[in-house]
Amino acid sequence: MTLKLSLQARGWQLMLPLALAFLAFFVAPLMILFVVSGFEDDKITQVGLKTWVSFVSDPFYWVVTGNTLKLGVLTVLATLLIGYPLAVVYMRASPNVQKILILIIIMPMLLSVVVRTFAWIVILGREGVINQTLLSLGLTSTPLRLLQTELGLIISLTQIELPLMVLPLISVMSQIDPSVHDASSALGASRWRTFFKVTVPLSLPGLIAGCTLVFASSTTAFISQSVIGGNRLVYLPLVVWQQSLVVYNWPLASVAAVTLLVSVMGCIILLNLVGRKSMRYLNV
Amino acid sequence: MSSQISRRHFLQSTAAIAGAIAYPNLAFAKGSVSSAIYPGAWDEAYRKIVAPALKKSAGVDLELQPLFAVDQIAKAKAARGRPVFDTFVLDPGPSATGKADNLFEKFDANQLKNASALQAGLVDAFGVPIAAQFVGIAYNPKKFSKPPTKWADLFQEPYLSRLGLTGFQTTFGTVAIIEFSKAFGGSITNVDPFFAELKKVLKKVAVIGAPAAMPGLFQQGQCDVMYTNTQTVGILKSRGVDIEFVAPESGIATFFTTMHIAKGSEDIANAYKYIDTVLSAEVQTQLMKPPYFMAPVNSKVALDDSLPVKNLSEMSKMIQHDWSKINPLRAEWITRFNKEVS
């Protein structure tokens, strides 16, 4: 009892190393980012809101911000469409099949993001696997343009981000008591009714976690966006990179970075609020 | 076998570590130098050729940090006088930025034995050229019956729908677009004609890609004509890619890749030894050969047939650009390119 109290009393001391590291390597750089965004010149000498005003008043940056968030939403929908059924199949599969499925699901995470992205160039290219298949089947007479299109980027991001959707879903679904499904069936509900009234509501926490992870990851996926999307598709991470590392306009880069951070966080908060309200509504 | 450390082993190890700390020169021969280097072929070539040559000639170890030119400048600016490497390797744009931001030590060419082998006027107060670059048009000879001969040809069929474009992020991209602009009536400070023509043909352009991705996109057949340098053409060709370099009628654009010593470097003497090794005729000859294709600057090197010049003095007749005029406009051009192509 005394030992337990002593450990509880010293809890803050045990947290201290992590808290200090968090302050030094996360909070402090974030503060610097906000401070630098409050300068007007690339030499970071004049304080003012000119950079913010020029960013906010330029319709181009509104379009870029909108496109970045749109990319996140579309990737979430695509991963959800493939990931949810996959998670359901996983839960109903035998242990041996589950082992194979989990290997397939986590496979994209075992490869470097650069390798994965360049592999998609080979797949989506004019002479890539998809176009060669379509041409040989006679479904198209000329190669389709898949690279440097939003569709191509979403296809590749869906594969890259799929584990972030499926793993939280599997984690939550595996905690659902199987007897609730049996109870639903025993009370006369069809399989679809059981699925929509029992499985989906109980898996909502995993669904929200998956959507959050995929959204945050896809909106900031600089390598995939720039290599597969090319320069025709401009997203906020590209603007941050160009302004910070090519033209060295760090205030504008900071403004773009803060915009990305705030807009993505805003969407995530909104997603979580909707998720919690839904859970409350469904009495989960 | 016992996994325990005996007292004798412990004392031997402790003595070795203490000795290494007390007499670092014994442990590290004649010291080391840390240099930034472009990723890819440059990094590979410098590890295989320059590092052993430097070790052999000066007993100095070479540590390489693969970084693009813009990343080197960004790191040096962020380091604020405490450089994370001793030497830069840069193209003219980032080099001009480095000079303006006082990121380089004053350069003393008298420290280099090989400085006399360079063309007159190439060494300045901040650095020295270590390789030449030649920018022109690259095309796939199997896809076109005749090669493009002018920059303006690239905006005409059959080249247009197979064209790969890149923006102002890189030196070769910037100089190529300036040459494009000149072909349509522009100048080094006026790229409006390029944008006006681009607007008319934008939808037909095959690829508008990130500079680093362009060789891969060409290799994959995503585009069959692009602007690039002779080194990229040589590397792709050596990998079996169908690619040829063509000098535009208006002339090849050329620039030098330069080395600079970082302001605040603690290994300045070794940095000079390193740069001197890079400039030596033996090393420059090896770097020029496949698979690296780096155009030399040492006039004692017999030039390879793959280069578009027979003699380095011909470079003075090629198109060179004043980056002090380009740099102030580049940020605006990059933003404009984003807006026009997206």
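Chain letters run A, B, ... following the sequence lines, proteins first, then strands; residues in each count from 1.
- Considering all non-hydrogen atoms of both residues, Ser244(A) and Ala74(B) come closest at O-CB, 4.4 Å.
- Looking at Val122(A) and Gln219(B), their side chains never come closer than 4.5 Å, going by heavy atoms from C-beta outward.
- For chain A, the nearby parts of Lys77(B) are the backbone and the side chain; heavy atoms of each come within less than 4.5 Å.
- Of the atoms belonging to Asn327(B), not a single heavy atom falls under 4.5 Å from chain A.
- With a 4.5 Å cut-off on non-hydrogen atoms, Ala100(B) does not touch chain A at all.
- In this structure, the side chains of Gln169(B) and Leu245(A) stay at 4.5 Å or more apart for every pair of heavy atoms.
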Report the C-alpha separation of Arg232(A) and Leu165(B) in whole Å, then their side-chain angles, then the decisive distance to 0.1 Å, and conclude whether the side chain to side chain contact (heavy atoms under 4.5 Å, CB included) test is met. CA-CA 10 Å; Arg232(A) 272 198 168 105; Leu165(B) 277 181; over 6 Å; no

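- With a 4.5 Å cut-off on non-hydrogen atoms, Thr97(B) touches chain A through its side chain but not through its backbone.
- For residues 158-181 of chain B, the pairs satisfying salt bridge (Lys or Arg N to Asp or Glu O under 4.0 Å) are Arg162(B)-Asp224(B), Glu179(B)-Lys182(B), with sequence neighbours left out.
- If you tally non-hydrogen atom pairs under 4.5 Å between each of Asp58(A), Val246(A), Leu233(A) and chain B, the highest count goes to Val246(A).
- Within 6.0 Å of the CZ atom in Arg82(B), the count of heavy atoms belonging to other residues, nucleotides or ligands does not exceed 12.
- The choice from Ala210(B), Ala212(B), Ala213(B), Gly216(B) that makes the most heavy-atom pairs within less than 4.5 Å of chain A is Ala210(B).
- Heavy atoms of other residues, nucleotides or ligands lying less than 6.0 angstrom from CE of Met31(A) number more than 12.
- Atoms CG and OG1, from Leu252(A) and Thr335(B) in turn, are 7.0 Å apart once rounded to the nearest 0.5 Å.
- Heavy-atom neighbours of chain B within the stretch residues 60-73 of chain A, taken at a separation under 4.5 angstrom, comprise Phe60(A), Tyr61(A).
- Of the listed residues (Ile121(A), Val234(A), Val227(A)), the greatest number of heavy-atom pairs within a distance under 4.5 Å of chain B belongs to Val234(A).
- No part of Phe68(B) comes within reach of chain A, as not one of its non-hydrogen atoms sits under 4.5 angstrom from that chain.
- Close approach to chain B, defined as a heavy atom under 4.5 Å from one of its heavy atoms, is seen in Arg145(A), Leu147(A), Gln148(A) of residues 129-152 of chain A, taken by number.
- To the nearest 0.5 angstrom, Thr166(B) atom OG1 is 6.0 Å from Asn231(A) atom CG.
- Here the CD1-OH distance, from Ile73(B) to Tyr248(A), works out to 5.0 Å after rounding to the nearest 0.5 Å.
- Among pairs with a residue in residues 151-160 of chain A, none fulfils salt bridge (Lys or Arg N to Asp or Glu O under 4.0 Å), at least two apart in sequence or across chains.
- Although no hydrogens or angles enter the test, the distance criterion places no donor-acceptor pair under 3.5 Å between the side chain of Gln220(B) and the main chain of Arg126(A).
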